[in-house]
2 protein chains.
Amino acid sequence: MHPVIQHLKNYYPLNPTAENMLTERLASITFSKNDFLLKKGRVCQHFYFLEKGALRGFYELDGKEITHWFGFENNFITSFHSYITGQPSIENIQFLEDSTVWAISKKELTELFDAFHEIERLVRIIYEQYYMQLEERYVNAQFKTAAELYTDLIHRAPHILQRVPLGQISSYLGITQETLSRIRKQHAQ
Amino acid sequence: MHPVIQHLKNYYPLNPTAENMLTERLASITFSKNDFLLKKGRVCQHFYFLEKGALRGFYELDGKEITHWFGFENNFITSFHSYITGQPSIENIQFLEDSTVWAISKKELTELFDAFHEIERLVRIIYEQYYMQLEERYVNAQFKTAAELYTDLIHRAPHILQRVPLGQISSYLGITQETLSRIRKQHAQ
DNA sequence: AGCTGTTTTTGATATTTATCAAATTATCGG
DNA sequence: CCGATAATTTGATAAATATCAAAAACAGCT
């Protein structure tokens, strides 16, 4: 079965016709480590599903790269603001590993919404899940100390630490690389 | 016309039957300043629309109240995590002013999703808008200084400063009341 | 193994923000 | 207008984190 369909079954059942229509419109693309899925200034016109690999969203501030999210296997990916508004993206999306993604254009997905109520329902449900995750991350980021954020990350997503360089993790946590390095040292003792 | 229907027209058109079904299921409730729309520990089983007034979502941490969002006229309101998961809420929702809200139960709204594809579409679109707002707030909160957050707030939502006590604004910005007070002093000069 | 460029750690210091305590100012009912 | 209560500001100090510079550790390549 198609990996996207497989994953969607976790959220809501699809009838076979909808499955087929969706499958037909999903295109597989492979990327190498350090490739860009999206560069800032470009409009993000696709919704993606990451089958294999890892990527990050980052933007540039005062010449520094600020990674504000990571994506791994079985995550839906897009540059949300750009995708929704049709404005040029201010963020870049870059692969951290050799990866495989499935892509569907906004136009095609929107047409599927019209044709299949249940596909729009799936997206509604996925938005709910992602909103909850972001809300939790927001509250944590704002009200926890750097050390707490690090231990949370270890428990919540230890694979990130294995697969991502430290400088990207530190900006994800909203701290400098030096501070993260010192926190780790504390933590190890 | 019903104020909720009126507002929904900003997002997507509704047919008259859907309008009627929705209107019939919306109940108007008035509250006084300091009343609670939801107390922590209770499950949030309604989706609300704030017609008039103001409220805040807050939770308690180390004996302190942390306000993490505000709602004003024409905002949709719910304790999102509790509403979606059916788990007891960890946040409280309290009115900052005498207010009027419209309420629909999760059960009734879910039934309307089945009956009217376009109502589910509306909610999907509203989620997109709220996700974008949260995403922007997340990035700002994490990577801007306290002074920048304050000046942003002045430009983005000056009404908050008129209608909300300082201690609540400071926790919303993720800083202490004293720090906010000092920032304002700087800013005024 | 040795070279090279990159990533991570360490050290010294500066800056930002929090904390605690007290003083001042604003608000509201009588 | 007065007094009580709450909200905001001010001051002194402590804690957390950033910054800048350099050293150490690591990774890929030959």
Side-chain angles (χ1 to χ4, degrees), chain A residues 32-35 54 56 58 60-68 70 94-98 139-154 158-189, chain B residues 32-35 54 56 58 60-68 70 94-98 139-154 158-189:
Chain A
S32 302
K33 181 173 175 175
N34 297 328
D35 283 353
R56 65 177 180 132
F58 73 96
E60 284 144 64
L61 188 70
D62 307 330
K64 281 174 297 193
E65 293 185 354
I66 308 286
T67 297
H68 61 121
F70 296 107
Q94 185 181 28
F95 290 92
L96 298 168
E97 304 171 358
D98 295 349
V139 169
N140 281 345
Q142 198 160 17
F143 302 112
K144 291 193 176 177
T145 65
E148 285 172 324
L149 291 175
Y150 176 70
T151 44
D152 282 3
L153 187 68
I154 286 178
H159 59 283
I160 292 185
L161 297 159
Q162 314 305 321
R163 296 168 72 175
V164 180
L166 206 68
Q168 292 175 17
I169 293 173
S170 65
S171 72
Y172 174 74
L173 296 177
I175 59 180
T176 61
Q177 180 166 316
E178 293 93 328
T179 298
L180 179 55
S181 178
R182 284 182 247 264
I183 287 169
R184 288 172 103 197
K185 192 180 174 188
Q186 290 291 323
H187 198 266
Q189 285 163 0
Chain B
S32 302
K33 181 173 174 174
N34 297 329
D35 282 355
R56 67 178 179 128
F58 74 96
E60 284 143 65
L61 188 69
D62 306 331
K64 281 175 296 191
E65 293 185 352
I66 308 286
T67 297
H68 63 120
F70 297 108
Q94 184 182 30
F95 290 93
L96 300 167
E97 304 171 358
D98 296 349
V139 170
N140 281 344
Q142 199 161 15
F143 302 111
K144 291 194 174 177
T145 65
E148 285 171 324
L149 291 175
Y150 176 71
T151 44
D152 282 2
L153 188 66
I154 287 178
H159 59 283
I160 292 185
L161 298 159
Q162 314 305 320
R163 295 168 72 175
V164 180
L166 205 67
Q168 292 176 17
I169 294 172
S170 65
S171 71
Y172 175 75
L173 296 177
I175 58 181
T176 61
Q177 181 166 313
E178 294 93 327
T179 298
L180 179 54
S181 179
R182 286 182 245 265
I183 287 169
R184 288 171 103 196
K185 191 181 174 187
Q186 291 289 323
H187 199 265
Q189 284 162 5

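A search for side chain to side chain contact (heavy atoms under 4.5 Å, CB included) contacts involving Ala54(A) returns Phe72(A), Leu96(A), Glu97(A), Arg163(A), not counting sequence neighbours. Partners of Glu65(A) under the salt bridge (charged side-chain N to carboxylate O under 4.0 Å, His left out) rule, at least two apart in sequence or in another chain, are Arg56(A). Scanning for salt bridge (charged side-chain N to carboxylate O under 4.0 Å, His left out) contacts around Asp152(A) gives Lys144(A), with sequence neighbours left out.
Of the side-chain N and O atoms in Lys185(A), none sit less than 4.0 angstrom from OP1 or OP2 of dT9(C). The phosphate of dT8(D) has neither OP1 nor OP2 within less than 4.0 Å of any side-chain N or O from Arg184(B).
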Got a list of protein N/O to nucleotides 27-30 of chain C N/O distances below 3.5 Å?
none

Could you list the protein-to-nucleotides 23-27 of chain D atom pairs, N/O on both sides, closer than 3.5 Å?
none

Sort me out a list of protein N/O and nucleotides 17-20 of chain C N/O pairs below 3.5 Å, or just none if empty.
unit_1, atom_1, unit_2, atom_2, d
dT17(C), OP1, Ala146(B), N, 3.1
dA18(C), OP2, Thr176(B), N, 3.1
dA18(C), OP2, Thr176(B), OG1, 3.2
dA18(C), OP2, Thr179(B), OG1, 2.7
dT19(C), O4, Arg182(B), NH2, 3.0
dC20(C), N4, Glu178(B), OE2, 3.0

Is there a side chain to side chain contact (heavy atoms under 4.5 Å, CB included) between Tyr172(B) and Leu153(B) once you walk through the steps? CA-CA 10 Å; Tyr172(B) 175 75; Leu153(B) 188 66; 4.0 Å; yes
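At distances below 3.5 Å, not a single donor-acceptor pair connects side-chain atoms of Glu148(A) with backbone N or O atoms of Phe143(A).
Contact check for Phe70(A) versus Gln168(A): side-chain heavy atoms found under the 4.5 Å cut-off.
In summary, of the residues considered (Thr151(A), Leu173(A), Ile175(A)), a side chain to side chain contact (heavy atoms under 4.5 Å, CB included) with Ile183(A) occurs for Ile175(A) alone.
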